[in-house]
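Here is the naming used below: chain letters follow the sequence lines, and residue numbers restart at 1 for every chain.
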2 protein chains.
Amino acid sequence: MAPAPHVAKREDSLTRGERKNLTRNGLLQAALNLIGEGRSFTSLGIREIAREAGIVPNAFYRHFRNTDELGLALVEEVGITLRRLLREARQVGEGKSEMVRRSVLVYQHYVKQNRLLFLFISSERAGGSRILRLAIRNEVSHFTHEMAQDLRRLGAYEGLSTSSLQMICGLIVTAMLGAAPEILDLPAGQPLLEAEMTEDFVRQLQLILLGASCWRDQPPALLASSRMRPKQP
Amino acid sequence: MAPAPHVAKREDSLTRGERKNLTRNGLLQAALNLIGEGRSFTSLGIREIAREAGIVPNAFYRHFRNTDELGLALVEEVGITLRRLLREARQVGEGKSEMVRRSVLVYQHYVKQNRLLFLFISSERAGGSRILRLAIRNEVSHFTHEMAQDLRRLGAYEGLSTSSLQMICGLIVTAMLGAAPEILDLPAGQPLLEAEMTEDFVRQLQLILLGASCWRDQPPALLASSRMRPKQP
DNA sequence: CTGCATTGTGTACAAGTGTCCACTGAAAGT
DNA sequence: ACTTTCAGTGGACACTTGTACACAATGCAG
């Protein structure tokens, strides 16, 4: 058996901390790889992950107390990934025509490029450990918030209150994350099926934005009691 | 140890098929109960389910070949449940004012009432076994379809093509299923948090419907090649 | 009534799991 | 040059798991 060849580069000239971070990342990547092979994160075991990472089971404990803690580390990567997505999305330009379609294409490409992480998000966002779920939801909430800021900065939708803008972005994000699993489940080499899905997604977003452009904030908040007149034009 | 008291009613006067169906339902319910205790379906084992159902592990095989097959049976219940939801939703009446809010309240109540099944849907819709995922997606697709028919029958949105109506319903269903986990994760006894969530959900649906009422089907489909003119009415 | 089919039981086994403990070797601090 | 620290090793323990086989009880058809 090979003696833990988890460093294929220069095995010397590495400080201890760097080495530790290396195998730590190895563990994270190992978990993602297993997810990529169809296993669900919740059902992963310490031994399984350690084996995939090429270390002995006990060494796992040097980095995480249990799999949930490893999951939280993955959620952090999710945050970084989503932030990068926003950065990329900002560069699609502002030409109104076809801007939605371009954004959708960027998103689809991004999901496929970060396949493993999106598999992780999609399946753990609504299942498995409660702690993970809340952590992911938190990250997604941040994402929504930043998206709203971006939209505001973009200049459109001047008449909308901040809370309405966030509501809209929440809907957009829901649609995006809901589309992710379908993107990931696409059988490779079915371009017309993918095109159909893309078109549907584009139209959904256009519908949302159309609704947003017609939206008028309700002057009186008719939250609890419904005695006042809603009169939404 | 008690000798399998899985029938608490009259243990006699039951035909064999009825008895079988009884323990079969016991297995389904056992799986749901375990889900309700925080376990995710994918990580459930045969022994675990059988133990919870009060039978010996081997008896499981008399009903299902493996856990996936049991999952498919659960998906069938999901279908039934969704159909009932549509039936209930049809009865909220047609008064346009506050109709969305009433529908949302009905939905929230329904999700809480069928908590276990919605937990199952939410978490397995995007994770775990591919077969289950596709089965659920199929059921959801049916649901969307029927919802579109209902909307059409309702009379509103006359100007929309069938495909557009389905796209809209797809978005609505995505929003609904996306909201389910948040409804289920609500800490009990926080009425104002729930009210906030409700209000957000209501506004999202109103936004969608507002967009729908402004929507015009594009005469020229600029799909893949924009050379032909499909002239969709 | 007789015999078959079928649901559920008990035992058993190989394989996998989380975690504890004692250990090694080398980098890091003195 | 020394001691300390600590990532990684190896073995062991008590469990749990899926599944196979032989068997018991009982509804039901002949």
Side-chain angles (χ1 to χ4, degrees), chain A residues 1-31 34 37-71 73 128-129, chain B residues 1-31 34 37-71 73 128-129:
Chain A
M1 213 172 286
H6 52 280
V7 274
K9 32 184 71 168
R10 312 285 305 139
E11 78 258 10
D12 50 349
S13 82
L14 276 180
T15 169
R16 191 130 87 166
E18 290 171 326
R19 259 228 224 288
K20 176 162 184 177
N21 244 322
L22 229 60
T23 69
R24 192 187 126 107
N25 290 345
L27 284 172
L28 295 180
Q29 192 57 51
L34 289 171
E37 289 170 17
R39 324 243 327 95
S40 95
F41 177 81
T42 319
S43 73
L44 291 185
I46 287 180
R47 286 182 112 106
E48 206 173 357
I49 300 176
R51 193 185 315 133
E52 173 84 13
I55 62 177
V56 90
N58 258 324
F60 181 95
Y61 293 111
R62 304 288 182 193
H63 302 270
F64 308 101
R65 243 196 297 279
N66 46 46
T67 48
D68 262 21
E69 208 168 272
L70 185 147
S129 140
Chain B
M1 213 172 286
H6 51 280
V7 274
K9 33 182 72 170
R10 313 284 307 137
E11 77 259 11
D12 49 348
S13 85
L14 276 180
T15 172
R16 189 128 89 165
E18 290 172 327
R19 256 228 226 290
K20 175 160 185 178
N21 244 323
L22 229 59
T23 67
R24 193 188 125 107
N25 289 345
L27 285 171
L28 295 180
Q29 192 58 51
L34 289 171
E37 290 170 17
R39 324 245 324 96
S40 95
F41 177 81
T42 319
S43 73
L44 291 185
I46 286 180
R47 285 182 112 107
E48 207 173 357
I49 300 176
R51 193 184 316 134
E52 173 83 14
I55 61 177
V56 91
N58 258 325
F60 181 94
Y61 294 111
R62 304 291 183 192
H63 304 269
F64 309 100
R65 243 196 297 280
N66 46 46
T67 49
D68 263 21
E69 208 169 273
L70 185 147
S129 139

Asks: Show me the donor-acceptor pairs within less than 3.5 Å that the side chains of residues 58-67 of chain B make with the rest of the protein, sequence neighbours left out.
Replies:
| residue | atom | partner | partner atom | Å |
| --- | --- | --- | --- | --- |
| H63(B) | NE2 | T23(B) | OG1 | 3.2 |
| N66(B) | OD1 | D68(B) | N | 3.3 |
| N66(B) | OD1 | E69(B) | N | 3.1 |

Asks: Atom CZ of R62(A) to atom C1' of dT5(D): distance rounded to whole Å?
Replies: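 Interatomic distance, CZ of R62(A) to C1' of dT5(D): 10 Å.
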Asks: Which atom pair, heavy atoms only, marks the closest approach of G26(A) to A53(A)?
Replies: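 Nearest pair, atom of G26(A) first, then A53(A): O-CB, 3.9 Å.
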Asks: Atom CD1 of I49(B) to atom P of dT17(D): distance rounded to whole Å?
Replies: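 Those two atoms, CD1 and P, are 11 Å apart.
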Asks: Taking the side chain as every heavy atom from C-beta outward, state whether N21(A) and E18(A) have any atom pair closer than 4.5 Å.
Replies: no
Asks: Show each protein N/O and nucleotides 13-19 of chain C N/O combination with a separation under 3.5 Å, one pair to a line.
Replies:
| residue | atom | partner | partner atom | Å |
| --- | --- | --- | --- | --- |
| dT17(C) | OP2 | R51(A) | NH2 | 2.7 |
| dG18(C) | OP1 | I46(A) | N | 2.8 |
| dG18(C) | OP2 | I46(A) | N | 3.4 |
| dG18(C) | OP2 | R47(A) | N | 3.0 |
| dG18(C) | N7 | R47(A) | NH1 | 2.4 |
| dG18(C) | O6 | R47(A) | NH1 | 2.9 |
| dT19(C) | OP2 | Y61(A) | OH | 2.7 |
| dT19(C) | O5' | Y61(A) | OH | 3.4 |
| dT19(C) | O4 | R47(A) | NH1 | 3.3 |

Asks: Could you state the atom-to-atom distance from NZ of K20(A) to P of dA28(C) in whole Å?
Replies: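 So the two atoms are 13 Å apart, to the nearest Å.
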Asks: Do you know which two heavy atoms are closest between A50(B) and P57(B), and how far apart they sit?
Replies: CB-CA, 3.7 Å
Asks: With rounding to the nearest 0.5 Å, note down the distance linking CG in L70(A) to CG in L44(A).
Replies: 9.0 Å
Asks: Should T23(A) be listed as having a side-chain N or O under 4.0 Å from OP1 or OP2 of dA7(D)?
Replies: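 No, T23(A) has no side-chain N/O under 4.0 Å of OP1/OP2 on dA7(D).
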Asks: Rounded to the nearest 0.5 Å, what separates atom CD1 in I49(A) from atom CD in Q29(A)?
Replies: 12.0 Å
Asks: Round to a whole Å and report the spacing from CG of L14(A) to P of dA27(C).
Replies: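 It is 10 Å, rounded to the nearest whole Å.
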Asks: What is the distance from NE2 of H63(B) to C1' of dT6(C), rounded to the nearest Å?
Replies: 10 Å
Asks: Using a cut-off of under 3.5 Å, enumerate the N/O to N/O pairs linking the protein to nucleotides 2-4 of chain C.
Replies:
none

Asks: dG8(C) C1' sits how many Å from N21(B) CG, rounded?
Replies: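 Rounding to the nearest Å, CG of N21(B) and C1' of dG8(C) are 16 Å apart.
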Asks: Side chain of V56(B) only, heavy atoms from C-beta on: which candidate in dT9(C), dG10(D), dA7(D) is closest?
Replies: dT9(C)
Asks: Quick one: I55(A) CD1 to dT9(D) C1', roughly how many Å, whole number?
Replies: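 After rounding, the gap between these two atoms is 11 Å.
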Asks: Any chance you could measure L27(B), atom CG, to I55(B), atom CD1, to the nearest 0.5 Å?
Replies: 4.5 Å
Asks: Under 4.0 Å: is that the gap between some side-chain N or O of T15(A) and OP1 or OP2 of dA28(C)?
Replies: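 Checking dA28(C) against T15(A), a side-chain N or O does come within under 4.0 Å of OP1 or OP2.
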Asks: Taking CZ from R19(A) and P from dG25(C), how many angstroms apart are they, rounded to a whole number?
Replies: 15 Å
Asks: Is there any side chain to side chain donor-acceptor pair (under 3.5 Å) pair reaching into residues 39-54 of chain B, and which pairs are they, with sequence neighbours excluded?
Replies: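 Every pair satisfying side chain to side chain donor-acceptor pair (under 3.5 Å) with a residue in residues 39-54 of chain B: R39(B)-S43(B), R39(B)-E48(B), T42(B)-E124(B).
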